[in-house]
Amino acid sequence: MNLVRLRYADTPGLLDTTQLISGYQLQRSAFVGVASDTFPIRPNGGLAAQLQESPTFTFQPVTGDAYAHSFLRPLPPATLLPLAMGGLPIDVLMRLSVQSINMMSNNRPFSRNNGDIDDHINPNIGDFFELIHDLRLLQASGLLSIQLQQVAEVPGKSAEASHVYLGIASTRDPALLNVVARTRELLNFSPHDTRMEVVYGVGEPRPGEIRVLSRSMLSVLGQVAYQIQVPDDEVTSGSTTRHVDMSLRNEEKSLIAVHSGHEAPKRAFVSVFYDNYYYWVDKGDFESKVAFTITQMLFELSKTSQTPGALVTIPVSK
């Protein structure tokens with residue numbers, strides 16, 4: 001829903017599910033009798049049962065500091081990169097959550113503004129896409145390693161952030177020799193570096209570092225929302241603007257293809273009804289489903305604990 005709301009410049013809202021109670025009620029009845037007005041006398045009877053389900057959902061609106069932390073704070077690299085260790089495709093992960101790597105920008109022209117923190121970086125995103133494509137090849141071949149180093153807490157001192165390192169192994173496979181060399185070149189690996197620390201930042205990195213400018217969840221959702229194609233009458237009515245990314249190359253298209261129409265979709269992976277239109281991701285679009293699932297994971301990782309506030313309880317009877 002928030003993707004579509006952002007496409008219409010509507011305010012996104014966050015609700016955190018705090019409680020789910022599922023209540024069940026089973027009613028049973030039986031009777032036995034005889035019919036006295038017939039001859040011979042015949043007994044009769046019956047059995048009846050009824051099962052009633054009454055789930056209750058309790059939601060808590062996310063506001064204040066929790067809203068700023070979950071929605072506006074950039075996702076730390078030490079949180080993002082370990083997801084690739086679990087098998088998530090690193091190219092999709094970085095396209096969604098990373099604004100720039102060193103001097104390579106993922107900031108598309110339609111979302112660039114004067115004064116952006118990375119406005120001094122070359123807006124040509126060709127190197128960025130080449131890098132994440134090669135990283136995916138290295139990940140699939142087992143040559144890419146990501147190491148997370150936890151920092152021990154010291155009593156009386158604030159906890160330090162964890163350190164995350166990216167390593168590229170050497171290979172004798174002739175099909176991957178150029179990929180390894182080019183990736184190390186793009187990331188400024190020296191001949192002696194086996195791994196480099198990934199830090200949050202923008203611009204030219206220091207030796208031994210890879211600077212990653214990660215996005216907030218608002219930016220992640222916004223980048224996808226800006227590329228949703230909307231019906232023409234929604235544009236002419238002034239509700240939103242025309243699709244802004246029509247001329248980009250195939251590799252730069254939106255990761256999540258969102259369709260729209262007046263009729264409810266028959267094969268939808270996820271759908272929502274907004275402003276008299278249905279918007280959905282097709283169940284047969286595997287790439288869009290992967291990107292949407294990763295977006296949900298990022299959203300869960302961005303959440304923070306919060307003190308109880310106003311609660312919204314919705315009982316549902318069946």
Side-chain angles (χ1 to χ4, degrees), residues 75-109 118 120-150 162-215 223 248-255 286-291 293-294 297-298:
L75 298 164
T79 300
L80 290 175
L81 290 182
L83 292 176
M85 298 169 57
L88 294 183
I90 193 170
D91 55 340
V92 178
L93 179 64
M94 288 192 166
R95 277 190 64 183
L96 284 170
S97 61
V98 172
Q99 189 85 344
S100 67
I101 300 176
N102 292 344
M103 300 298 290
M104 295 167 286
S105 176
N106 185 33
N107 196 1
R108 290 179 171 84
D118 61 340
H120 63 288
I121 294 180
N122 188 345
N124 183 0
I125 59 179
D127 286 347
F128 181 89
F129 275 87
E130 180 185 1
L131 173 64
I132 62 174
H133 175 267
D134 290 348
L135 286 175
R136 177 56 180 156
L137 292 178
L138 297 178
Q139 181 189 29
S141 61
L143 298 178
L144 183 70
S145 64
I146 297 172
Q147 302 171 2
L148 184 64
Q149 179 179 323
Q150 299 285 354
S162 301
H163 299 279
V164 60
Y165 297 89
L166 185 146
I168 301 174
S170 59
T171 180
R172 295 181 180 179
D173 187 344
L176 293 173
L177 285 175
N178 290 335
V179 176
V180 170
R182 179 57 176 164
T183 306
R184 291 175 63 89
E185 177 187 354
L186 289 172
L187 293 176
N188 297 327
F189 270 72
S190 73
H192 306 290
D193 287 329
T194 58
R195 68 174 189 174
M196 297 181 71
E197 183 177 5
V198 181
V199 299
Y200 177 82
V202 63
E204 196 69 42
R206 295 183 297 181
E209 285 186 350
I210 300 172
R211 289 194 177 183
V212 171
L213 181 63
S214 54
R215 291 170 173 165
Q223 292 287 327
L248 290 181
R249 299 180 304 232
N250 289 334
E251 65 269 21
E252 299 170 19
K253 294 292 185 180
S254 176
L255 281 168
F286 180 77
E287 293 182 354
S288 291
K289 291 192 298 183
V290 170
T293 300
I294 292 177
M297 292 181 180
L298 295 176

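Quick caveat, the model's predicted, so the values are computed rather than measured. Note: hydrogens, waters and symmetry copies are ignored here, and every other heavy atom, side chains too, is used.
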Colleague: Using atom types as modelled and distance alone, determine if a side-chain donor or acceptor of Asp91 lies under 3.5 Å from a backbone N or O of Ile132.
Modeller: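 Judged by distance alone, no pair lies under 3.5 Å.
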Colleague: So Tyr200 and Leu213, side-chain contact (heavy atoms from CB on, under 4.5 Å) or not? Walk me through it.
Modeller: CA-CA 6 Å; Tyr200 177 82; Leu213 181 63; 3.4 Å; yes
Colleague: Who pairs with Arg182 by side-chain hydrogen bond (donor to acceptor under 3.5 Å, both in side chains), at least two apart in sequence or on another chain?
Modeller: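 Only Glu130, Glu185 meet the side-chain hydrogen bond (donor to acceptor under 3.5 Å, both in side chains) criterion with Arg182.
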Colleague: May I ask you to test the Leu88-Thr293 pair for a side-chain heavy-atom distance under 4.5 Å?
Modeller: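 No, every pair of side-chain atoms sits at 4.5 Å or beyond.
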Colleague: Considering all heavy atoms of both residues, which atom of Asn188 and which atom of Asp193 are nearest to each other, and what is their separation?
Modeller: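 Scanning both residues completely, I find the closest heavy atoms to be O-OD2, 4.4 Å.
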Colleague: Out of Leu81, Leu131, Val212, which one pairs with Met94 under the side chain to side chain contact (heavy atoms under 4.5 Å, CB included) rule?
Modeller: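 Looking at Leu81, Leu131, Val212, the match for Met94 under the side chain to side chain contact (heavy atoms under 4.5 Å, CB included) is Leu81.
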Colleague: Heavy atoms only: give me the nearest Ala84-Ile146 pair and the separation to one decimal.
Modeller: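 In this case the closest contact between Ala84 and Ile146 is CB-CD1, 3.7 Å.
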Colleague: Could you walk me through whether Ile101 and Leu187 pass side-chain contact (heavy atoms from CB on, under 4.5 Å), step by step?
Modeller: CA-CA 8 Å; Ile101 300 176; Leu187 293 176; 4.0 Å; yes
Colleague: Mark yes or no for whether Arg136, through its side chain, and Ile90, through its backbone, hold a donor-acceptor pair below 3.5 Å.
Modeller: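 Not at all, since once roles are kept as given, no pair shorter than 3.5 Å links the two residues.
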Colleague: Can you check whether Ser190's main-chain N or O pairs, donor with acceptor, with Arg184's side chain at less than 3.5 Å?
Modeller: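 Yes; judged by distance alone, with no hydrogens or angles, the pair exists.
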Colleague: Would you call Pro89 and Ile294 a side-chain contact if the rule is heavy atoms closer than 4.5 Å?
Modeller: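 In short, these two side chains touch, coming nearer than 4.5 Å.
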Colleague: Measure from the side-chain N and O atoms of Gln223 to the backbone N and O of Ser97, and report whether any donor-acceptor pair falls under 3.5 Å.
Modeller: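 Here the side-chain-to-backbone pair does not exist.
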Colleague: Report yes or no: does Asp127 contribute a side-chain atom to a donor-acceptor pair with the main-chain N or O of Met104 at less than 3.5 Å?
Modeller: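 Flag not set: sc Asp127 to bb Met104 has no pair under 3.5 Å.
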Colleague: Is the side chain of Asn102 donor-acceptor paired with the backbone N or O of Arg211 at a distance under 3.5 Å, no angle test?
Modeller: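 A pair under 3.5 Å: yes.
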Colleague: How far apart are the closest heavy atoms of Ser105 and Ser100, and which atoms are they?
Modeller: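 It is CA-CB, 4.1 Å.
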Colleague: With rounding to the nearest 0.5 angstrom, report the CD1 to CZ distance, Ile210 to Phe189.
Modeller: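 Answer for the CD1-CZ pair, Ile210 versus Phe189, is 5.0 Å.
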Colleague: How about Val290 and Leu255: do any of their side-chain heavy atoms sit closer than 4.5 Å?
Modeller: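 With C-beta onward as the side chain, the pair stays apart.
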Colleague: How would you list, by chain and number, every residue that makes a salt bridge (charged side-chain N to carboxylate O under 4.0 Å, His left out) with Arg206, sequence neighbours excluded?
Modeller: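 Glu209.
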Colleague: Nearest 0.5 Å, what's the CD1-CG distance between Ile168 and Leu176?
Modeller: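 One gets 11.5 Å once the value is rounded to the nearest 0.5 Å.
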Colleague: How far apart are the closest heavy atoms of Gln149 and Arg195, and which atoms are they?
Modeller: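 Heavy atoms only, the tightest pair is OE1-NH2, 4.3 Å.
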Colleague: Please give me the minimum heavy-atom distance between Pro77 and Pro82, naming the atom from each residue.
Modeller: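 Minimum heavy-atom separation between Pro77 and Pro82: O-CD, 3.9 Å.
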Colleague: Run the side-chain contact (heavy atoms from CB on, under 4.5 Å) test on Leu143 and Leu137 for me, step by step, so that the C-alpha distance in whole Å, both residues' side-chain angles and the decisive distance to 0.1 Å come before the verdict.
Modeller: CA-CA 9 Å; Leu143 298 178; Leu137 292 178; over 6 Å; no
Colleague: Roughly how far, to the nearest 0.5 Å, is NE2 of His163 from CG of Leu148?
Modeller: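 The NE2 atom of His163 is 10.0 Å from CG of Leu148, to the nearest 0.5 Å.
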Colleague: Please find the pair of heavy atoms, one from Thr171 and one from Asp173, that lie closest to each other, and give the distance.
Modeller: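 Shortest heavy-atom separation between Thr171 and Asp173 comes out as OG1-N, 3.0 Å.
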Colleague: Should Phe129 and Asn106 be marked as a side-chain contact (heavy atoms from CB on, under 4.5 Å) after you check the CA-CA gap, both sets of side-chain angles, and the distance that decides it?
Modeller: CA-CA 8 Å; Phe129 275 87; Asn106 185 33; 4.1 Å; yes
